[in-house]
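Written below as structure tokens is the structure these notes are about.
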Amino acid sequence: MGYPRLGGEGGKGGDVWVVAHKKMTLKQLKDKYPQKRFVAGEGANSRVNALKGSKGKDCEIPVPVGISVTDENGKIIGELNKEKDRILVAEGGLGGKFFTNFLPLKGQKRIIHLDLKLIADVGLVGFPNAGKSSLLSQISHAKPAIADYAFTTLKPELGKIMYKDFKQILVADLPGLIEGAHVNKGMGHKFLKHIERTTQLLFVVDVSGFQLSSRTQYRTAFETIILLTKELELYNEELQAKPALLAVNKMDLPDAQNKFHQLMNQLQNPKDFLHLFEKNMIPERIMEFEHIIPISAITGEGIDELKNCIRKSLNQENDAYHKKQLLNLQISNTSHREPLFQNALASSRMDTI
């Protein structure tokens, strides 16, 4: 409350913030705050001995790094990509003053959703059994599960490529896509949501093609790339704008060279082969690869070249990003804020990986 007789102003309500902490997990947050309701403190009343009331205590919601915060309508409020990043999710109301008739205004109240997404420099994209796990174990110190059946990766696996000059690049092997992943078939969104947080994509395809089971259709390496691109487009067409590389795996197999040359011809003239597909399988935009590298995750063929191409591509992407950031700073130095509201409140629904 304000103090009408002396023109005193009441304190503003506290704000609710979401703050990133490296050692925090969503499970810890859920266990610590089972009610999932967070309320900031109220501002103090104006008094004779304190005409300016003190601000209410802010409320901080500790979350792991990699959280995407959305409102109840699915609109992104913000992302927390590194330690101590913070997002204002509910603002405290103004304290009572002259133009509010010395009555405090209500704080903001909203429901937020917390979605944890992996952050990596490179995300491996491929159908099951393309050799992504074997490749990750070749290029990094990661030890993912490897077997001769389709689904060996049931959760994201992270590995670091270590270069001789101590440069490190984080690579994520994500659960294998299948046709229909965009509508949550197979690993569905558990896979696709993580791709949004990678800087670039590394498609991994079997040079001999792919068949999930005896009941599903066989796909050539070229068909595999087209279908992978279509799944990304149907989930989020912005993913196609990410820089991408292509690793053609299993070059140690018989007749691999002939199949690789056939694939290169198809990739150089993709429109000449799109008549082989049904219309609903053709992506609006054919993926363009910065580098195409034939490899064998078993023998190690092409692995060094692949690591060099990954680094070269990331360096170019980082240079472009910094130039864009500099341009944005030059163009705009103003920011917009939502209206102020007394003590703020937020409730959250937490989704795990």
With a 4.5 Å cut-off on side-chain heavy-atom distances among I, L, V, M, F, W and Y, is there a chain of contacts connecting [X] to [Y]?
X: Phe98; Y: Leu94; answer: no
X: Ile225; Y: Leu274; answer: yes
X: Leu276; Y: Phe210; answer: yes
X: Met251; Y: Leu253; answer: no
X: Met264; Y: Val207; answer: yes

Nearest heavy-atom pair of [X] and [Y]: which atoms, and what distance?
X: Met24; Y: Pro62; value: CG-O, 3.7 Å
X: Ile295; Y: Gly302; value: CG2-O, 3.7 Å
X: Leu158; Y: Ala172; value: CD2-CB, 3.7 Å
X: Val89; Y: Gln108; value: O-OE1, 4.2 Å
X: Asp173; Y: Ser133; value: OD2-OG, 2.9 Å
X: Lys307; Y: Ile161; value: CE-CG2, 3.6 Å

So, [X] side chain and [Y] main chain: donor-acceptor pair closer than 3.5 Å or not?
X: Thr100; Y: Gly96; result: no
X: Gln200; Y: Asp121; result: no
X: Asp58; Y: Val16; result: no
X: Gln240; Y: Arg285; result: yes
X: Asn265; Y: His261; result: no
X: Asn249; Y: Ala297; result: yes
X: Asp71; Y: Asn73; result: yes
X: Gln35; Y: Arg37; result: yes
X: Ser46; Y: Leu51; result: yes
X: Lys230; Y: Ile282; result: yes

- Message: Can you confirm whether more than 12 heavy atoms, excluding those of Glu83, are under 6.0 Å from its CD atom?
- Response: yes
- Query: Does CD belonging to Glu288 count more than 12 external heavy atoms closer than 6.0 Å?
  - Reply: no
- Message: Quick test of your reading of the model: are Glu60 and Arg86 salt-bridged, counting only N-O distances below 4.0 Å?
- Response: yes
- Message: Check this for me: does any side-chain nitrogen of one of Glu9 and Lys52 sit under 4.0 Å from a carboxylate oxygen of the other?
- Response: yes
What I'd like to find out is whether the side chain of [X] reaches to under 4.5 Å of the side chain of [Y], using heavy atoms alone.
X: Thr229; Y: Phe203; value: yes
X: Leu114; Y: Val69; value: yes
X: His21; Y: Lys84; value: yes
X: Ile226; Y: Pro283; value: yes
X: Asp85; Y: Glu79; value: no
X: Phe289; Y: Met287; value: yes
X: Lys12; Y: Glu91; value: yes
X: Leu314; Y: Val122; value: yes

- Query: For residues 241-261, which residue pairs qualify under salt bridge (charged side-chain N to carboxylate O under 4.0 Å, His left out), counting only residues two or more places apart or in two chains?
  - Reply: Asp206-Lys250
- Message: With side-chain hydrogen bond (donor to acceptor under 3.5 Å, both in side chains) as the criterion, how do Asn236 and Glu196 come out once you've worked through the C-alpha distance, each side chain's angles and the decisive distance to 0.1 Å?
- Response: CA-CA 9 Å; Asn236 181 352; Glu196 296 176 299; 3.2 Å; yes
- Message: For Ile293 and Glu305: C-alpha separation, side-chain torsions, deciding distance, then whether side-chain contact (heavy atoms from CB on, under 4.5 Å) applies.
- Response: CA-CA 7 Å; Ile293 309 100; Glu305 184 187 352; 3.9 Å; yes
Kindly compute the distance separating [atom1] ([X]) from [atom2] ([Y]), expressed to the nearest 0.5 Å.
X: Ile139; Y: Leu202; atom1: CD1; atom2: CG; value: 7.0 Å
X: Arg197; Y: Leu116; atom1: CZ; atom2: CG; value: 8.0 Å
X: Glu290; Y: Ile310; atom1: CD; atom2: CD1; value: 11.5 Å
X: Ile303; Y: Ile298; atom1: CD1; atom2: CD1; value: 10.0 Å
X: Ile286; Y: Leu267; atom1: CD1; atom2: CG; value: 9.5 Å
X: Ser68; Y: Asp115; atom1: OG; atom2: CG; value: 6.0 Å

- Tell me, with the steps shown, if Met281 and Glu223 meet side-chain contact (heavy atoms from CB on, under 4.5 Å). CA-CA 10 Å; Met281 293 168 58; Glu223 288 174 326; over 6 Å; no
- How far apart are the C-alpha atoms of Ile195 and Val125, what are their side-chain angles, what is the distance that settles it, and do they pass the side-chain contact (heavy atoms from CB on, under 4.5 Å) test? CA-CA 8 Å; Ile195 293 186; Val125 178; 4.0 Å; yes
- Message: Both conditions, 6.0 Å and 45 degrees, for the charged tip of Arg311 above the ring of Tyr163: are they met here?
- Response: yes
- For Tyr3, check ring-ring contact (aromatic ring centres under 6.0 Å, His included) against everything at least two apart and list the hits. none
- So Phe222 and Phe277, side-chain contact (heavy atoms from CB on, under 4.5 Å) or not? Walk me through it. CA-CA 11 Å; Phe222 178 67; Phe277 298 88; 3.7 Å; yes
